[in-house]
Amino acid sequence: MKHIVRALKLVIPIHPFRMLFYLLLSLPGAVLPAVLLYLQKEIMDNASDLNQVLPLFYYIKPVLLLIGTYMILKLFSLLSKQYMEFGYFSYVVMGLDAKIHEKSGQISLEYYDNAEYYKIIQNAKQSSMFLVFTANLVIMSLIVVLNLLSVSSYLITLHPVLIIFVVFVSAPVILERLISAKYQFGLMQDTVQAARRKKYAFELLSQSDSKKEPAHYGASSYIAQKYLMACKEIDEKEWKHIRQNGKIGVIFAGIKALFHALSIFIMVYLLITKKITIGGFSVLLTSFSVLTDAFVQLFNHAGEVLQLGIMTDSFFVLMDFETKDGIEDMKDNREYAKLEHVFFHYPNTENFALKDISLSVRKGEKIAIVGENGAGKTTLAKLLSGFVLPTKGSMKIGETSREQLKENSVFEQISAVYQEFGHYKLTLAENVYLGDSMKKIDFGKIKDSLEWAGLLFSEQPEHLLLGKEFGGIEISGGQWQRLALARSYYRQRPVIFLDEPTASIDPLEEMEIYKKLDELAEERTVILVTHRLGAVRNVDNIIVLDNGNIVEEGSFEQLIKQKGHFSFLWNEQAKWYQSVKV
């Protein structure tokens, strides 16, 4: 129930006037059914008491009003449905998407390496749809309640004893729906895990990125068996539910028959004793289905709202996610960063990725972070670039503690070329502009950046679309790498991070890229993360990591002379080239 209230508090303020207009369009559906019953009574009473003295229009008038009222009811029903879908729904979904993106932007980037957090984001996006459905169902339920009140009120005006008639018609429906909803909820809870297993197995069998390995290893049939087992488990539980519902249905069929018989007895008694007219009697007959349908609809909505309340839980998990950011802007200093006895582990993990790290990076200094896979290179780079905060220890960027700095204040000082850089299916110009999209686009600067990176095409960059699926062109891996360079060149920041910037290109292209990187790094603070040790010969300081610890630090010549861990790694890499005979 609390999620339903939260859903309304969240959804209504997004577009309150649109929701109000939707409610106004729906209101005729609450009032006009009672008007139709009134007109039906007038028609039947007039027909049972024909009087030739009265003009024909006297008898036709309520018929015309009935037809007109019915047409108006259908018109407003159509308008409210159309407006919900096209004039309200999409606007609220966009508003909820904006809230997801706003919240995601407030959360530290360290969580983006966590699979659980990624799952929270995806589930929140799916849940946003259910939030809109919840709000819509609440409005529809309100309309049904008003409909029930208007119809019941009109029946009571015919005779006060008809309140008993309303109770006799509605009570069995209410009881049946309550028990049915209880069993339905139980079924949903009972099958949720099996449904997840079924969906997961289906995705493994159907999606191209996950299908290759099972097919190669001949595991597809095993996964298919898992899928069928989940299907069987769900089917068995659903059949059990159907049998239970069948028994309940038979019992309540008898109860409804009894209550309806009592209702008919009341109707006939009132008619015989002339407490109601023939028109009133016909209205009561019609009210059987009107009241029953309204209660069924109301409880269907209530059941759906309860289910949607569960489905919206993921959205509020994201909204309740703790965010933390500093309050100060980064200030210039002789030292870019200083770490003292820093430890770090990722959220929801216990093992430290970095242990007792102490180092400083001076302004304008070029450092390299090296080590074997899993040594902690990328994690240390994330700390230095402000992406994550230390778990323990002290870290300053500029002259301010990292915890006190605004995240964006740090990012504003940094340009970067990553191993996993973006392949954006946008125009060539937009791919470059994304490097500094907080400022106004500068097409002249974009052309200079592309020319510097050696990436030239005959077509203007603002018109050249990348990606065949959108009608554009495909470019090579080396060209994408150069595009990442152009993006960083366009940004022009005092600190540049290079995280395995040439990992996915051939050796000849790598030499050209490193020439460009040397140009890009001039007079800047450079932090290079690489496992290709030939690229670190000219840096000022090399940080050697092993199992999350700094085991060596110094210039290339110093580390080679020490004959320690770096020297070992250097010689091991050199063997691959020295042992090759041409």
Side-chain angles (χ1 to χ4, degrees), residues 1-37 73-93 95-96 127-155 166-167 169-185 187-188 252 287-313 315-316:
M1 186 63 186
K2 66 176 182 178
H3 283 337
I4 298 169
V5 175
R6 286 191 71 182
L8 292 176
K9 287 182 177 179
L10 186 68
V11 170
I12 291 173
I14 293 176
H15 282 287
F17 293 108
R18 288 181 177 271
M19 175 171 270
L20 179 62
F21 187 62
Y22 172 53
L23 180 60
L24 292 175
L25 286 175
S26 303
L27 276 178
V31 179
L32 293 183
V35 176
L36 290 174
L37 291 176
L73 179 62
K74 288 300 179 183
L75 175 62
F76 273 95
S77 176
L78 177 63
L79 287 174
S80 65
K81 288 178 181 177
Q82 293 295 312
Y83 184 77
M84 174 59 196
E85 185 172 354
F86 300 108
Y88 179 69
F89 184 92
S90 57
Y91 286 91
V92 176
V93 169
L96 292 172
S127 294
S128 65
M129 293 288 186
F130 298 125
L131 281 170
V132 187
F133 293 146
T134 300
N136 182 41
L137 282 169
V138 169
I139 290 176
M140 292 170 66
S141 299
L142 176 62
I143 297 302
V144 173
V145 170
L146 293 175
N147 181 20
L148 284 168
L149 290 175
S150 65
V151 170
S152 300
S153 299
Y154 172 65
L155 293 180
V166 174
V167 172
V169 172
S170 59
V173 179
I174 294 172
L175 290 172
E176 182 181 23
R177 286 291 154 178
L178 285 174
I179 295 175
S180 179
K182 177 183 175 182
Y183 278 107
Q184 187 67 36
F185 180 76
L187 173 67
M188 187 175 68
F252 274 97
S287 298
F288 260 111
S289 61
V290 172
L291 291 171
T292 301
D293 291 345
F295 274 107
V296 169
Q297 191 177 8
L298 180 61
F299 278 92
N300 283 342
H301 289 170
E304 290 172 7
V305 167
L306 289 173
Q307 291 181 27
L308 290 174
I310 296 169
M311 295 173 182
T312 58
D313 183 67
F315 188 91
F316 295 113

Are F133 and F89, when compared by the centres of their aromatic rings, separated by less than 6.0 Å?
yes
For residues 20-35, the side chain to side chain donor-acceptor pair (under 3.5 Å) pairs (sequence neighbours left out) are Y22-N136
Q. Mind checking whether L291 and L155 have side chains closer than 4.5 Å, heavy atoms only?
A. yes
Smallest heavy-atom separation, F86 atom then Y91 atom, equals O-CE1, 4.1 Å
Residue set satisfying side chain to side chain contact (heavy atoms under 4.5 Å, CB included) with E85, at least two apart, ordered chain then number -> none
For S77 and S80, the nearest pair of non-hydrogen atoms, with its separation, is O-OG, 2.9 Å
Extract all donor-acceptor atom pairs below 3.5 Å that involve side chains of residues 145-154 and protein atoms in other chains or at least two apart in sequence.
from	atom 1	to	atom 2	distance (Å)
S150	OG	A30	O	2.8
S150	OG	L146	O	3.2
S150	OG	N147	O	2.8
S152	OG	L148	O	2.7
S153	OG	L149	O	2.6

dist I139:CD1 -> S141:OG (nearest 0.5 Å) comes out at 10.0 Å
Residues passing the side chain to side chain contact (heavy atoms under 4.5 Å, CB included) test with L24, sequence neighbours excluded, are L20, L27
Closest heavy-atom pair, G29 versus L73, reported as atoms and distance to 0.1 Å, is CA-CD1, 3.6 Å
By ring pair (Phe, Tyr, Trp, His ring centres under 6.0 Å), F252 pairs with (sequence neighbours left out) none
Would you sort out whether V11 and M19 count as a side chain to side chain contact (heavy atoms under 4.5 Å, CB included), showing the intermediate values?
CA-CA 9 Å; V11 170; M19 175 171 270; 4.2 Å; yes
Sequence neighbours excluded, the answer for side chain to side chain contact (heavy atoms under 4.5 Å, CB included) partners of I14 is V92, L96, K99
As a quick check of understanding, evaluate side chain to side chain contact (heavy atoms under 4.5 Å, CB included) for L36 and V290, giving each step before the final call.
CA-CA 11 Å; L36 290 174; V290 172; over 6 Å; no
On a heavy-atom basis, the closest approach of R18 and G87 is NH1-O, 2.6 Å
dist L131:CG -> L8:CG (nearest 0.5 Å) comes out at 9.5 Å
